[in-house]
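Take a look at the structure below.
As the structure lists them, so they are numbered: ligands from 1, and atoms in each ligand from 1. Throughout, numbering of the chain's residues begins at 1 and tracks the sequence.
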Amino acid sequence: MQKNILVTGAMGQIGSELVPALREKFGKENVVAVGFIKDKEPSEEFKNSGPYESIDARNKEEIRALIEKYQINTIYHLVGVLSAVGEKNPNLAWDVNMNSLKNILDLAVEYKIDRLFWPSSIACFGPSTPLFDTPQKTILEPTTMYGVTKVSGELLCQYYFIKYGLDVRSLRYPGIISWKTPPGGGTTDYAVAIYYNAIEKGKYDCFVKENTVLPMMYMDDAVNATIKLMEVDKEKIKVRTAYNLTAISFSAKELALNVSKYIENFVCTFNPDERQKIADSWPKTIDDNCAREDWGWQHKFDLDQISIDMIKNLKNKLVK
Ligand code: SER
């Protein structure tokens with residue numbers, strides 16, 4: 001079947017890299033990128049690389065019009081307000097994250113969308129969740145509004161699968177490290193900001209303590225996981241809330257030491273702010289065996305490979 005794909009949140013951290021990967025695989029005309037960042041125009045390169053539309057994903061009728069215009073049968077709904085911004089503006093986080101998802105789920109049923117992807121996160125866990133090797137099925141009592149929207153969203157997705165047979169699939173992403181978009185809005189963003197600051201200033205004042213450990217993943221692995229999950233046969237998907245997913249866990253200090261291996265004289269200081277509390281509420285390591293067994297998930301990048309690739313690409317981007 002010809003795939004006609006719609007990606008919302010196309011200019012965000014994941015969208016900026018998932019859209020090119022989908023265009024490469026399925027043809028650029030077949031992937032419609034939907035962005036809505038009022039103060040940030042997409043680059044000419046982005047606009048010229050395939051269909052682009054600017055729409056607020058909370059606006060159901062405008063999304064409906066796009067589904068009809070492009071005969072959409074596959075949706076990646078990536079729009080979301082992340083954890084740190086969400087704590088500053090919980091009402092906005094609820095409004096954007098939940099109302100856009102509900103609209104998309106309803107439209108997906110109405111238009112018999114073949115497959116829908118929606119991202120969950122380690123933020124669905126909370127302080128009462130086991131901290132190490134967090135199982136697939138466990139206590140979900142998040143203490144951030146972002147996390148509350150992720151648990152609610154997971155249950156809503158599963159409900160639409162049970163009630164309407166909608167083929168909706170989801171992953172609980174760990175912190176994602178990537179270079180295309182600047183860090184913004186997330187608690188795990190120190191693991192991105194450290195590279196920007198190391199290259200531009202030779203130093204970084206990290207906003208979590210040096211012994212903070214969180215599960216992380218390189219963007220290339222995250223994109224591969226997402227496309228792989230969406231490509232496997234329906235019968236293989238046994239989890240309809242969201243799959244646990246991880247690659248590697250390390251402390252902020254281990255990260256800083258690793259960056260120092262590749263950037264001479266790099267200095268990292270640690271000055272925790274309100275995001276420490278959010279980081280402390282999330283697990284340190286994740287058991288993602290269900291994903292590995294059900295649909296063959298495997299990560300590729302370890303910390304050294306991440307640092308080498310981040311630094312190479314960021315030097316190209318930032319050093320003129
Ligand atoms: N990276 C996200 C955040 O820190 C977690 O999903 O908000």
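- Ring planes of Phe207 and Tyr190: perpendicular class, angle over 60° (limits at 30 and 60°).
- Using cut-offs of 30° and 60° for the angle between ring planes, the Phe117 and Tyr76 rings count as tilted.
- Using modelled atom types, one side-chain atom of Ser249 and one backbone atom of Lys284 make a donor-acceptor pair closer than 3.5 Å.
- Looking at residues two or more places apart in sequence or on another chain, you find no ring pair (Phe, Tyr, Trp, His ring centres under 6.0 Å) involving Tyr204.
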List, for ligand 1, each N/O atom that has a protein N/O partner under 3.5 Å away, with both atom names and the distance.
from: ligand 1; atom 1: 1 (N); to: Thr188; atom 2: OG1; distance (Å): 2.8
from: ligand 1; atom 1: 4 (O); to: Ser83; atom 2: OG; distance (Å): 3.4
from: ligand 1; atom 1: 4 (O); to: Thr187; atom 2: N; distance (Å): 2.7
from: ligand 1; atom 1: 4 (O); to: Thr188; atom 2: N; distance (Å): 3.0
from: ligand 1; atom 1: 4 (O); to: Thr188; atom 2: OG1; distance (Å): 3.3
from: ligand 1; atom 1: 6 (O); to: Ser121; atom 2: OG; distance (Å): 2.6
from: ligand 1; atom 1: 6 (O); to: Tyr146; atom 2: OH; distance (Å): 3.1
from: ligand 1; atom 1: 7 (O); to: Ser83; atom 2: N; distance (Å): 3.1
from: ligand 1; atom 1: 7 (O); to: Ser83; atom 2: OG; distance (Å): 2.6

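- Applying the side chain to side chain donor-acceptor pair (under 3.5 Å) rule to Glu110 yields the partners Arg64; only residues at least two apart in sequence or on another chain are considered.
- Sequence neighbours left out, the pairs with a member in residues 221-233 that pass side-chain hydrogen bond (donor to acceptor under 3.5 Å, both in side chains) are Tyr173-Thr226.
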